[in-house]
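The structure under discussion appears below in the form of C-alpha coordinates.
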Amino acid sequence: MIQPHIRRSTLKYYTIFKVHNPGEFIDFFQLTQLSSYRKMGWKNLTGISEFFLLGFSEKLEQQKVLFGLFLSLYLITVAGNLLIILAIITDAQLHTPMYFFLANLSLADACFVSTTVPKMLANIWIQNQVISYSGCLLQLYFFMLFVMLEAFLLAVMAYDRYMAICHPLHYILVMSPGLCVFLVSACWIVNALHSLLHTLLMNSLSFCADHKIPHFFCDINPLLSLACTDPFINELVIFIVGGLAGLVCVLCLIISYTYIFSTILKIPSAQGKRKAFSTCSSHLSMVSLFFGTSFCVYFSPPSTRSAQKGTVASVMYTVVTPMLNPFIYSLRNRDMKSSLKKLIGVKKIHFL
(Lines give C-alpha, C1' and ligand atoms only; values in the text may rest on other atoms or scores of the structure.)
Protein backbone atom coordinates (compact mmCIF):
# COMPACT_ATOMS: atom_id res chain seq x y z
CA MET A 1 0.00 0.00 0.00
CA ILE A 2 1.09 3.54 -0.56
CA GLN A 3 1.99 4.81 2.86
CA PRO A 4 0.62 8.25 3.75
CA HIS A 5 4.03 9.80 4.48
CA ILE A 6 5.38 8.59 1.10
CA ARG A 7 2.44 10.04 -0.78
CA ARG A 8 2.70 13.34 1.07
CA SER A 9 6.46 13.60 0.50
CA THR A 10 6.06 12.89 -3.23
CA LEU A 11 3.34 15.49 -3.58
CA LYS A 12 5.30 18.02 -1.52
CA TYR A 13 8.47 17.55 -3.63
CA TYR A 14 6.56 17.94 -6.88
CA THR A 15 4.74 21.02 -5.62
CA ILE A 16 7.94 22.76 -4.46
CA PHE A 17 9.65 22.13 -7.79
CA LYS A 18 6.78 23.62 -9.76
CA VAL A 19 6.62 26.74 -7.62
CA HIS A 20 10.32 27.49 -7.58
CA ASN A 21 11.00 26.52 -11.18
CA PRO A 22 8.17 28.02 -13.24
CA GLY A 23 8.35 27.23 -16.91
CA GLU A 24 11.44 24.96 -16.58
CA PHE A 25 11.80 21.29 -17.44
CA ILE A 26 12.49 18.63 -14.84
CA ASP A 27 16.11 17.49 -15.20
CA PHE A 28 17.13 13.84 -15.24
CA PHE A 29 18.15 13.70 -11.53
CA GLN A 30 14.87 15.20 -10.34
CA LEU A 31 12.84 12.94 -12.62
CA THR A 32 14.73 9.89 -11.31
CA GLN A 33 14.15 10.93 -7.68
CA LEU A 34 10.44 11.50 -8.29
CA SER A 35 10.20 8.14 -10.06
CA SER A 36 11.87 6.41 -7.11
CA TYR A 37 9.23 7.86 -4.76
CA ARG A 38 6.53 6.45 -7.01
CA LYS A 39 8.20 3.03 -7.15
CA MET A 40 8.40 2.96 -3.35
CA GLY A 41 4.71 3.77 -3.17
CA TRP A 42 3.63 1.17 -5.75
CA LYS A 43 5.82 -1.41 -4.06
CA ASN A 44 3.67 -1.04 -0.93
CA LEU A 45 0.46 -1.60 -2.91
CA THR A 46 0.26 -5.26 -1.86
CA GLY A 47 -2.79 -7.00 -0.44
CA ILE A 48 -2.54 -7.35 3.33
CA SER A 49 -3.08 -10.82 4.74
CA GLU A 50 -3.92 -10.02 8.37
CA PHE A 51 -5.03 -7.45 10.92
CA PHE A 52 -4.15 -7.03 14.59
CA LEU A 53 -6.99 -6.80 17.12
CA LEU A 54 -5.60 -4.69 19.96
CA GLY A 55 -8.46 -5.57 22.33
CA PHE A 56 -8.66 -4.01 25.80
CA SER A 57 -5.25 -4.35 27.42
CA GLU A 58 -1.76 -5.66 26.72
CA LYS A 59 -0.97 -6.38 30.38
CA LEU A 60 -0.92 -10.10 31.16
CA GLU A 61 -2.61 -9.74 34.56
CA GLN A 62 -5.52 -7.79 33.10
CA GLN A 63 -5.83 -10.22 30.21
CA LYS A 64 -6.31 -13.12 32.63
CA VAL A 65 -9.13 -11.26 34.35
CA LEU A 66 -10.70 -10.32 31.01
CA PHE A 67 -10.48 -13.92 29.80
CA GLY A 68 -12.33 -15.23 32.86
CA LEU A 69 -14.92 -12.46 32.71
CA PHE A 70 -15.75 -12.79 29.02
CA LEU A 71 -15.71 -16.58 29.14
CA SER A 72 -18.28 -16.47 31.94
CA LEU A 73 -20.45 -13.95 30.10
CA TYR A 74 -20.25 -15.97 26.91
CA LEU A 75 -21.23 -19.26 28.55
CA ILE A 76 -24.14 -17.61 30.41
CA THR A 77 -25.35 -15.94 27.20
CA VAL A 78 -25.26 -19.09 25.07
CA ALA A 79 -26.76 -21.30 27.78
CA GLY A 80 -29.53 -18.80 28.58
CA ASN A 81 -30.57 -18.30 24.97
CA LEU A 82 -30.46 -22.02 24.21
CA LEU A 83 -32.67 -22.70 27.24
CA ILE A 84 -35.19 -20.16 25.94
CA ILE A 85 -35.22 -21.88 22.54
CA LEU A 86 -35.59 -25.38 24.08
CA ALA A 87 -38.39 -24.22 26.38
CA ILE A 88 -40.32 -22.74 23.46
CA ILE A 89 -39.84 -25.84 21.28
CA THR A 90 -40.81 -28.37 23.96
CA ASP A 91 -43.80 -26.52 25.49
CA ALA A 92 -46.90 -26.54 23.27
CA GLN A 93 -48.38 -23.60 25.21
CA LEU A 94 -45.57 -21.40 23.90
CA HIS A 95 -46.28 -22.16 20.23
CA THR A 96 -47.60 -18.64 19.62
CA PRO A 97 -46.34 -15.82 17.37
CA MET A 98 -44.72 -13.90 20.24
CA TYR A 99 -42.63 -16.88 21.38
CA PHE A 100 -41.82 -17.84 17.78
CA PHE A 101 -40.25 -14.42 17.34
CA LEU A 102 -38.56 -14.73 20.74
CA ALA A 103 -36.99 -18.07 19.74
CA ASN A 104 -35.53 -16.46 16.62
CA LEU A 105 -34.29 -13.52 18.69
CA SER A 106 -32.58 -15.90 21.12
CA LEU A 107 -30.96 -17.71 18.20
CA ALA A 108 -29.74 -14.39 16.81
CA ASP A 109 -28.35 -13.43 20.24
CA ALA A 110 -26.46 -16.71 20.60
CA CYS A 111 -24.98 -16.35 17.10
CA PHE A 112 -24.32 -12.64 17.66
CA VAL A 113 -22.14 -13.16 20.71
CA SER A 114 -20.46 -16.21 19.10
CA THR A 115 -19.29 -14.00 16.22
CA THR A 116 -16.96 -11.84 18.33
CA VAL A 117 -16.22 -13.30 21.78
CA PRO A 118 -14.66 -16.71 20.88
CA LYS A 119 -12.03 -15.09 18.66
CA MET A 120 -11.18 -12.59 21.39
CA LEU A 121 -10.87 -15.41 23.96
CA ALA A 122 -8.65 -17.39 21.59
CA ASN A 123 -6.39 -14.39 21.03
CA ILE A 124 -6.01 -13.86 24.78
CA TRP A 125 -5.36 -17.57 25.38
CA ILE A 126 -2.62 -17.96 22.77
CA GLN A 127 -1.29 -14.40 23.28
CA ASN A 128 -1.69 -13.57 19.61
CA GLN A 129 -3.70 -10.60 18.33
CA VAL A 130 -3.68 -11.64 14.67
CA ILE A 131 -6.84 -12.17 12.61
CA SER A 132 -6.59 -13.02 8.93
CA TYR A 133 -7.93 -10.64 6.30
CA SER A 134 -10.58 -13.13 5.16
CA GLY A 135 -11.43 -13.96 8.78
CA CYS A 136 -11.86 -10.27 9.54
CA LEU A 137 -14.25 -9.76 6.62
CA LEU A 138 -16.14 -12.93 7.59
CA GLN A 139 -16.48 -11.65 11.16
CA LEU A 140 -17.67 -8.28 9.85
CA TYR A 141 -20.30 -10.00 7.68
CA PHE A 142 -21.80 -12.10 10.46
CA PHE A 143 -21.56 -9.28 12.99
CA MET A 144 -23.55 -6.93 10.75
CA LEU A 145 -25.99 -9.73 9.89
CA PHE A 146 -26.89 -10.53 13.49
CA VAL A 147 -26.86 -6.99 14.85
CA MET A 148 -29.30 -5.81 12.16
CA LEU A 149 -31.30 -9.04 12.45
CA GLU A 150 -31.84 -8.33 16.14
CA ALA A 151 -33.06 -4.81 15.33
CA PHE A 152 -35.48 -6.15 12.70
CA LEU A 153 -36.79 -8.89 15.00
CA LEU A 154 -37.42 -6.35 17.77
CA ALA A 155 -39.40 -4.25 15.27
CA VAL A 156 -41.43 -7.31 14.21
CA MET A 157 -42.10 -8.16 17.85
CA ALA A 158 -43.34 -4.59 18.39
CA TYR A 159 -45.86 -5.10 15.56
CA ASP A 160 -46.93 -8.38 17.19
CA ARG A 161 -47.53 -6.58 20.52
CA TYR A 162 -49.46 -3.85 18.67
CA MET A 163 -51.82 -6.43 17.14
CA ALA A 164 -52.22 -8.27 20.47
CA ILE A 165 -53.12 -5.14 22.48
CA CYS A 166 -54.80 -2.86 19.94
CA HIS A 167 -56.62 -5.51 17.86
CA PRO A 168 -57.00 -8.57 20.12
CA LEU A 169 -60.04 -9.94 18.24
CA HIS A 170 -58.17 -10.01 14.94
CA TYR A 171 -54.84 -11.14 16.41
CA ILE A 172 -55.13 -14.88 15.66
CA LEU A 173 -56.45 -14.20 12.16
CA VAL A 174 -53.79 -11.62 11.22
CA MET A 175 -50.75 -13.17 12.93
CA SER A 176 -51.10 -16.48 11.13
CA PRO A 177 -48.24 -19.01 11.01
CA GLY A 178 -47.68 -18.15 7.36
CA LEU A 179 -47.24 -14.44 8.11
CA CYS A 180 -44.91 -15.16 11.05
CA VAL A 181 -42.68 -17.38 8.91
CA PHE A 182 -42.69 -14.79 6.12
CA LEU A 183 -41.69 -11.94 8.49
CA VAL A 184 -38.84 -13.92 10.03
CA SER A 185 -37.63 -15.20 6.64
CA ALA A 186 -37.71 -11.65 5.25
CA CYS A 187 -35.62 -10.44 8.20
CA TRP A 188 -32.97 -13.11 7.58
CA ILE A 189 -32.81 -12.63 3.79
CA VAL A 190 -32.81 -8.82 3.79
CA ASN A 191 -30.09 -8.61 6.42
CA ALA A 192 -27.98 -11.31 4.74
CA LEU A 193 -27.99 -9.24 1.53
CA HIS A 194 -27.43 -6.01 3.47
CA SER A 195 -24.37 -7.45 5.24
CA LEU A 196 -23.04 -8.90 1.97
CA LEU A 197 -23.22 -5.45 0.34
CA HIS A 198 -21.13 -3.81 3.07
CA THR A 199 -18.63 -6.70 3.13
CA LEU A 200 -18.07 -6.56 -0.63
CA LEU A 201 -17.58 -2.80 -0.49
CA MET A 202 -15.09 -3.23 2.34
CA ASN A 203 -13.23 -5.85 0.31
CA SER A 204 -12.82 -3.32 -2.53
CA LEU A 205 -10.78 -0.96 -0.32
CA SER A 206 -7.00 -0.89 0.00
CA PHE A 207 -5.56 -0.72 3.51
CA CYS A 208 -2.44 1.06 4.76
CA ALA A 209 0.63 -0.58 6.22
CA ASP A 210 -0.56 0.16 9.75
CA HIS A 211 -3.42 -2.34 10.09
CA LYS A 212 -3.90 -2.37 13.87
CA ILE A 213 -7.57 -2.34 14.83
CA PRO A 214 -8.18 -0.62 18.21
CA HIS A 215 -11.06 -2.98 18.96
CA PHE A 216 -11.72 -6.57 20.05
CA PHE A 217 -13.48 -7.47 16.77
CA CYS A 218 -13.64 -6.28 13.16
CA ASP A 219 -16.23 -3.52 13.27
CA ILE A 220 -16.98 -1.39 10.23
CA ASN A 221 -15.88 2.00 11.57
CA PRO A 222 -12.38 0.95 12.74
CA LEU A 223 -11.83 -0.79 9.41
CA LEU A 224 -12.83 2.27 7.42
CA SER A 225 -10.39 4.38 9.44
CA LEU A 226 -7.52 2.14 8.23
CA ALA A 227 -8.37 2.44 4.53
CA CYS A 228 -5.87 4.18 2.24
CA THR A 229 -8.34 4.51 -0.63
CA ASP A 230 -11.23 6.93 -0.36
CA PRO A 231 -14.07 5.23 1.58
CA PHE A 232 -16.67 7.73 0.33
CA ILE A 233 -18.78 5.06 -1.40
CA ASN A 234 -18.74 2.88 1.72
CA GLU A 235 -19.76 5.77 3.94
CA LEU A 236 -22.48 6.79 1.49
CA VAL A 237 -23.92 3.27 1.42
CA ILE A 238 -23.78 3.09 5.22
CA PHE A 239 -25.58 6.41 5.47
CA ILE A 240 -28.26 5.61 2.88
CA VAL A 241 -28.85 1.85 3.13
CA GLY A 242 -27.90 1.34 6.78
CA GLY A 243 -29.65 4.53 7.82
CA LEU A 244 -32.80 3.54 5.94
CA ALA A 245 -32.85 0.07 7.54
CA GLY A 246 -32.35 1.56 11.00
CA LEU A 247 -35.00 4.22 10.34
CA VAL A 248 -37.56 1.57 9.33
CA CYS A 249 -36.95 -0.34 12.58
CA VAL A 250 -37.13 2.78 14.75
CA LEU A 251 -40.30 4.06 13.04
CA CYS A 252 -41.96 0.66 13.43
CA LEU A 253 -41.14 0.69 17.13
CA ILE A 254 -42.28 4.27 17.68
CA ILE A 255 -45.55 3.89 15.75
CA SER A 256 -46.38 0.55 17.37
CA TYR A 257 -45.79 1.77 20.91
CA THR A 258 -47.62 5.03 20.28
CA TYR A 259 -50.77 3.06 19.47
CA ILE A 260 -50.07 0.61 22.31
CA PHE A 261 -49.77 3.33 24.95
CA SER A 262 -52.81 5.19 23.66
CA THR A 263 -54.84 1.97 23.85
CA ILE A 264 -53.60 1.16 27.36
CA LEU A 265 -54.50 4.64 28.59
CA LYS A 266 -58.08 4.13 27.38
CA ILE A 267 -58.54 1.06 29.59
CA PRO A 268 -60.75 2.16 32.53
CA SER A 269 -59.42 -0.10 35.32
CA ALA A 270 -55.93 0.15 36.76
CA GLN A 271 -55.65 -3.64 36.87
CA GLY A 272 -56.48 -3.84 33.17
CA LYS A 273 -53.81 -1.27 32.39
CA ARG A 274 -51.19 -3.20 34.36
CA LYS A 275 -52.14 -6.47 32.68
CA ALA A 276 -51.95 -4.94 29.21
CA PHE A 277 -48.65 -3.22 29.93
CA SER A 278 -47.12 -6.41 31.37
CA THR A 279 -47.52 -8.12 27.99
CA CYS A 280 -45.10 -5.66 26.36
CA SER A 281 -42.87 -4.60 29.28
CA SER A 282 -40.26 -7.29 28.61
CA HIS A 283 -40.02 -6.38 24.95
CA LEU A 284 -39.82 -2.68 25.76
CA SER A 285 -36.95 -3.35 28.18
CA MET A 286 -35.04 -5.23 25.47
CA VAL A 287 -35.66 -2.46 22.93
CA SER A 288 -34.41 0.22 25.33
CA LEU A 289 -31.30 -1.78 26.22
CA PHE A 290 -30.33 -2.70 22.66
CA PHE A 291 -31.03 0.58 20.88
CA GLY A 292 -29.83 2.71 23.79
CA THR A 293 -26.38 1.08 23.91
CA SER A 294 -25.94 0.85 20.11
CA PHE A 295 -26.88 4.53 19.63
CA CYS A 296 -24.31 5.51 22.24
CA VAL A 297 -21.63 3.72 20.18
CA TYR A 298 -22.50 4.84 16.65
CA PHE A 299 -24.23 8.19 17.16
CA SER A 300 -22.16 9.79 19.91
CA PRO A 301 -20.54 13.20 19.11
CA PRO A 302 -17.07 12.89 17.52
CA SER A 303 -15.61 15.19 20.20
CA THR A 304 -16.48 12.66 22.94
CA ARG A 305 -15.61 9.57 20.93
CA SER A 306 -12.37 7.63 21.46
CA ALA A 307 -11.15 4.15 20.56
CA GLN A 308 -11.05 2.96 24.18
CA LYS A 309 -14.49 4.36 25.05
CA GLY A 310 -15.95 2.90 21.85
CA THR A 311 -14.53 -0.52 22.65
CA VAL A 312 -15.94 -0.52 26.17
CA ALA A 313 -19.32 0.77 24.98
CA SER A 314 -19.46 -1.93 22.30
CA VAL A 315 -19.31 -4.58 25.02
CA MET A 316 -22.71 -3.41 26.23
CA TYR A 317 -24.64 -4.27 23.09
CA THR A 318 -22.43 -7.08 21.77
CA VAL A 319 -22.07 -9.07 25.01
CA VAL A 320 -24.16 -7.69 27.87
CA THR A 321 -27.42 -7.17 25.94
CA PRO A 322 -27.56 -10.72 24.47
CA MET A 323 -26.83 -12.05 27.97
CA LEU A 324 -29.60 -10.03 29.64
CA ASN A 325 -32.34 -10.76 27.09
CA PRO A 326 -33.11 -14.30 28.37
CA PHE A 327 -33.24 -13.05 31.96
CA ILE A 328 -35.56 -10.18 31.03
CA TYR A 329 -38.07 -12.48 29.34
CA SER A 330 -37.83 -15.35 31.83
CA LEU A 331 -38.10 -13.19 34.96
CA ARG A 332 -41.00 -11.05 33.70
CA ASN A 333 -43.06 -13.79 32.04
CA ARG A 334 -45.06 -16.40 33.94
CA ASP A 335 -45.43 -18.77 30.99
CA MET A 336 -41.72 -18.67 30.29
CA LYS A 337 -40.82 -19.25 33.95
CA SER A 338 -43.13 -22.26 34.22
CA SER A 339 -41.79 -23.71 30.96
CA LEU A 340 -38.21 -23.31 32.12
CA LYS A 341 -39.06 -25.02 35.42
CA LYS A 342 -40.62 -27.91 33.52
CA LEU A 343 -37.61 -28.15 31.23
CA ILE A 344 -35.10 -28.10 34.09
CA GLY A 345 -37.25 -30.56 36.08
CA VAL A 346 -37.33 -33.00 33.16
CA LYS A 347 -33.55 -32.78 32.81
CA LYS A 348 -33.09 -33.47 36.53
CA ILE A 349 -35.37 -36.53 36.44
CA HIS A 350 -33.61 -37.83 33.34
CA PHE A 351 -30.22 -37.34 35.02
CA LEU A 352 -31.33 -39.16 38.18
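No hydrogens, no waters, no symmetry mates; every other heavy atom, side chains included, goes into these values.
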Show the numbers, then the answer: is there a side chain to side chain contact (heavy atoms under 4.5 Å, CB included) between I131 and F217?
CA-CA 9 Å; I131 182 171; F217 67 94; over 6 Å; no
[atom1]-[atom2] distance between [X] and [Y], expressed to the nearest 0.5 angstrom:
{"X": "Q63", "Y": "W125", "atom1": "CD", "atom2": "CH2", "result": "12.5 Å"}
{"X": "I124", "Y": "L71", "atom1": "CD1", "atom2": "CG", "result": "10.0 Å"}
{"X": "S339", "Y": "L83", "atom1": "OG", "atom2": "CG", "result": "12.0 Å"}
{"X": "M286", "Y": "F327", "atom1": "CE", "atom2": "CZ", "result": "13.0 Å"}
{"X": "S134", "Y": "Q139", "atom1": "OG", "atom2": "CD", "result": "11.5 Å"}
{"X": "T90", "Y": "I85", "atom1": "OG1", "atom2": "CD1", "result": "11.5 Å"}

State plainly whether one hydrophobic cluster holds both [X] and [Y], where clusters connect Ile, Leu, Val, Met, Phe, Trp and Tyr through side-chain heavy atoms under 4.5 angstrom apart.
{"X": "Y171", "Y": "L179", "answer": "yes"}
{"X": "V320", "Y": "L75", "answer": "yes"}
{"X": "I255", "Y": "F277", "answer": "yes"}
{"X": "L197", "Y": "F232", "answer": "yes"}
{"X": "L145", "Y": "L196", "answer": "yes"}

Y133 and N203 side chains, donor-acceptor separation under 3.5 Å:
yes
All pairs passing disulfide bond (SG atoms under 2.5 Å apart) where residues 75-150 contributes a residue, at least two apart:
C136-C218
Please evaluate residues F207 and C228 with respect to the criterion side chain to side chain contact (heavy atoms under 4.5 Å, CB included), reporting the C-alpha separation (whole Å), side-chain torsions for both, the decisive distance (0.1 Å), and the verdict.
CA-CA 5 Å; F207 293 92; C228 283; 5.9 Å; no
Check whether [X] reaches the backbone of [Y] with its side chain - one donor and one acceptor, N or O, closer than 3.5 Å.
{"X": "S256", "Y": "L253", "value": "no"}
{"X": "H283", "Y": "L154", "value": "yes"}
{"X": "D91", "Y": "A87", "value": "no"}
{"X": "S204", "Y": "L201", "value": "yes"}

Check this for me: [X], atom [atom1], are more than 12 non-hydrogen atoms of other residues, nucleotides or ligands nearer than 6.0 Å?
{"X": "F182", "atom1": "CZ", "answer": "no"}
{"X": "Y259", "atom1": "OH", "answer": "no"}
{"X": "Q271", "atom1": "CD", "answer": "no"}
{"X": "Q93", "atom1": "CD", "answer": "no"}
{"X": "L69", "atom1": "CG", "answer": "yes"}

With a 4.5 Å cut-off on side-chain heavy atoms, are [Y] and [X] touching?
{"X": "S106", "Y": "L102", "value": "yes"}
{"X": "E50", "Y": "F52", "value": "yes"}
{"X": "F152", "Y": "L183", "value": "no"}
{"X": "V184", "Y": "V156", "value": "no"}
{"X": "M175", "Y": "C180", "value": "yes"}
{"X": "T318", "Y": "V113", "value": "no"}

Indicate, with yes or no, if the rings of [X] and [Y] have centres closer together than 6.0 Å.
{"X": "H215", "Y": "F51", "result": "no"}
{"X": "Y162", "Y": "H167", "result": "yes"}
{"X": "F143", "Y": "F112", "result": "yes"}
{"X": "F100", "Y": "H95", "result": "no"}

Can you tell me how the ring of F216 sits relative to the ring of F70, calling it parallel under 30°, perpendicular over 60° and tilted otherwise?
tilted
Parallel under 30°, tilted from 30 to 60°, perpendicular over 60°: which one fits the rings of H194 and H198?
perpendicular
How close do [X] and [Y] get, heavy atom to heavy atom, and via which atoms?
{"X": "T263", "Y": "I165", "answer": "CG2-O, 3.8 Å"}
{"X": "P322", "Y": "N81", "answer": "O-ND2, 3.2 Å"}
{"X": "T229", "Y": "L205", "answer": "OG1-CD2, 3.4 Å"}
{"X": "L54", "Y": "P214", "answer": "CD1-CA, 4.0 Å"}
{"X": "T279", "Y": "R161", "answer": "O-CD, 3.4 Å"}
{"X": "A151", "Y": "F290", "answer": "CB-CE2, 3.9 Å"}

Is there any side chain to side chain donor-acceptor pair (under 3.5 Å) pair reaching into residues 109-119, and which pairs are they, with sequence neighbours excluded?
Y74-S114, D109-N325, K119-N123
Yes or no on side chain to side chain contact (heavy atoms under 4.5 Å, CB included) for V117 and L121, after CA distance, side-chain angles and deciding distance?
CA-CA 6 Å; V117 177; L121 294 175; 3.8 Å; yes
Test F291 against T321 for side chain to side chain contact (heavy atoms under 4.5 Å, CB included), laying out the working first.
CA-CA 10 Å; F291 282 95; T321 299; over 6 Å; no
